[in-house]
Peer 1: 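Structure provided below as structure tokens; questions to follow.
Per chain, numbering begins at 1; letters A, B, ... match sequence-line order. Side-chain atoms are counted along with the backbone in the values below, which use heavy atoms only and exclude waters and symmetry mates.
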There are 2 protein chains.
Amino acid sequence: MHDHAACIARAMARADARCGAEGLQLTPARRRVLEILLEEHRALGAYDILDRLRAEGLGSQPPIVYRALDFLMKHGFVHRIETLNAFVACTEPTPGDRGDIAHMPAFLICRTCRHVIETVAERGPGKLETAADSAGFAIEHAVREAEGLCAACRAAA
Amino acid sequence: MHDHAACIARAMARADARCGAEGLQLTPARRRVLEILLEEHRALGAYDILDRLRAEGLGSQPPIVYRALDFLMKHGFVHRIETLNAFVACTEPTPGDRGDIAHMPAFLICRTCRHVIETVAERGPGKLETAADSAGFAIEHAVREAEGLCAACRAAA
DNA sequence: CCGGCTATGTAATATCATCACATGAGCTAC
DNA sequence: GTAGCTCATGTGATGATATTACATAGCCGG
Ligand SMILES: [Zn+2]
Ligand SMILES: [Zn+2]
Ligand SMILES: [Zn+2]
Ligand SMILES: [Zn+2]
């Protein structure tokens with residue numbers, strides 16, 4: 001366990017600072033979507049998020065949440081988990097030196113508690129990069145996701 | 001380019017042999033789905049496949065194709081491409097010593113021609129495994145997919 | 001004020017996947 | 001033989017995820 005309220009507050013402060021510095025508009029809906037994702041350390045589906053927004057009067061149609069997620073992903077605050085068709089708040093600061101995504105995340109996804117661990121990518125080429133080089137393939141975006149059991153759920157079982 | 005007719009024939013012969021050896025039923029619908037995927041070296045959506053089955057009178061409802069794909073994936077003949085919500089025929093023999101998936105594929109997906117290159121995983125732990133070990137996480141399934149431009153499309157551009 | 005830009009509101013639709021229940025073909029026990 | 005079993009299929013409906021299209025509103029520089 002960690003101090004989750006502080007964890008959320010820190011992340012929101014970072015997001016505010018970054019948006020201020022880069023001239024990005026962290027509008028109410030966008031801000032709330034990020035908060036909702038930070039409250040969990042789990043992946044949420046777009047419609048799960050939308051349900052919460054609806055309950056709070058922040059919009060009721062799918063485009064609301066997809067637009068907010070597009071913005072948050074574009075600027076590296078949120079990642080999409082392809083294997084779950086779901087979204088998770090980024091746990092890495094990613095200063096975004098050039099206003100862009102600066103890191104190459106990999107995710108460990110627990111199949112029972114759905115918690116998502118975002119790992120820091122090591123330096124150096126991985127298997128994908130090695131394979132791409134030998135095939136003359138230019139990688140623009142890579143997805144690394146593993147499903148399994150987290151330490152807590154293994155202990156419980 | 002390669003001799004694609006031979007490529008398909010070889011793969012189908014392998015599938016027939018394996019199903020015979022392991023008592024698996026490669027029924028007409030399952031067989032045809034595998035053939036359709038082998039004909040392309042690209043990922044096809046479930047409904048793309050379904051359209052072809054329909055045209056051939058092999059079924060018209062989604063469960064037809066999803067059941068066939070479940071069978072083919074379970075036995076390692078087909079892989080799901082998570083980033084595309086699509087499916088591709090496996091290019092590795094995977095003898096399936098214990099009737100199970102024996103390899104750990106990674107995919108290079110061209111964003112313009114949608115061709116999929118399935119790479120042979122090298123030996124040794126990758127970044128996901130390293131991260132999982134240090135987190136006490138037990139990986140059961142991993143997804144490695146990269147999107148970008150294949151050599152042919154890079155040359156064309 | 002106007003024109004362009006960004007964000008939002010709203011309805012409809014597209015795309016991907018599963019559920020539920022009925023039917024049929026092949027096999028075994030008795 | 002036939003009842004019961006398993007596996008695969010047929011079929012209609014529904015659920016889950018995501019996008020399009022177009023209208024509206026605020027803001028800001030000219
Ligand atoms: Zn926390
Ligand atoms: Zn867990
Ligand atoms: Zn071929
Ligand atoms: Zn290409």
Peer 1: What is the separation between atom CG on A:L69 and atom P on D:dT19, rounded to the nearest whole Å?
Peer 2: 10 Å
Peer 1: Can you find a pair of side-chain heavy atoms, one from A:I81 and one from A:F107, that are under 4.5 Å apart?
Peer 2: yes
Peer 1: Going by atom types alone, do B:E145 and B:T83 pair a side-chain donor with an acceptor below 3.5 Å?
Peer 2: yes
Peer 1: Return the value, rounded to whole Å, for the distance between atom CZ of A:R32 and atom C1' of C:dA7.
Peer 2: 20 Å
Peer 1: Rounded to whole Å, how long is the line connecting atom CD of A:E22 with atom C1' of C:dT6?
Peer 2: 17 Å
Peer 1: Taking the side chain as C-beta and beyond, is there a heavy-atom pair between B:F137 and A:R154 under 4.5 Å?
Peer 2: no
Peer 1: Using a 3.5 Å distance criterion without hydrogens, assess whether the side chain of B:R30 forms a donor-acceptor pair with backbone atoms of B:Q25.
Peer 2: yes
Peer 1: Measure the distance from NZ on A:K74 to C1' on C:dT6 and round it to the nearest whole Å.
Peer 2: 11 Å
Peer 1: Using 30° and 60° as the class boundaries, would you call the ring planes of B:H41 and B:H4 parallel, tilted or perpendicular?
Peer 2: tilted
Peer 1: Figure out the CD/P separation between B:Q25 and C:dA25, and round it to whole Å.
Peer 2: 14 Å
Peer 1: Quick check on contacts: within residues 35-68 of chain B, what sits under 4.0 Å from DNA chain C by heavy-atom distance?
Peer 2: B:Y47, B:P62, B:P63, B:Y66
Peer 1: Just by modelled atom types, is the A:A13 backbone N or O under 3.5 Å from a matching donor or acceptor in the A:D16 side chain?
Peer 2: no
Peer 1: Nearest whole Å is fine: how far is C:dT15 P from B:F87 CZ?
Peer 2: 16 Å
Peer 1: Taking the nucleotide of DNA chain C with the closest heavy atom to each, which residue, B:L84 or A:A29, is nearer the 5' end?
Peer 2: A:A29
Peer 1: State whether B:N85 places a side-chain N or O below 4.0 Å from either non-bridging phosphate oxygen (OP1 or OP2) of D:dT17.
Peer 2: no
Peer 1: May I ask you to decide if A:A106's main-chain N or O and A:T119's side chain share a donor-acceptor pair within less than 3.5 Å?
Peer 2: yes
Peer 1: Using atom CD1 of A:I81 as one end and atom P of D:dT17 as the other, report the distance to the nearest whole Å.
Peer 2: 14 Å
Peer 1: If you check the B:R80 side chain, which of C:dA7, C:dC16, D:dT9 turns out closest?
Peer 2: C:dC16
Peer 1: Please report, rounded to the nearest Å, how far the C1' atom of C:dT6 is from the CG atom of A:L26.
Peer 2: 15 Å
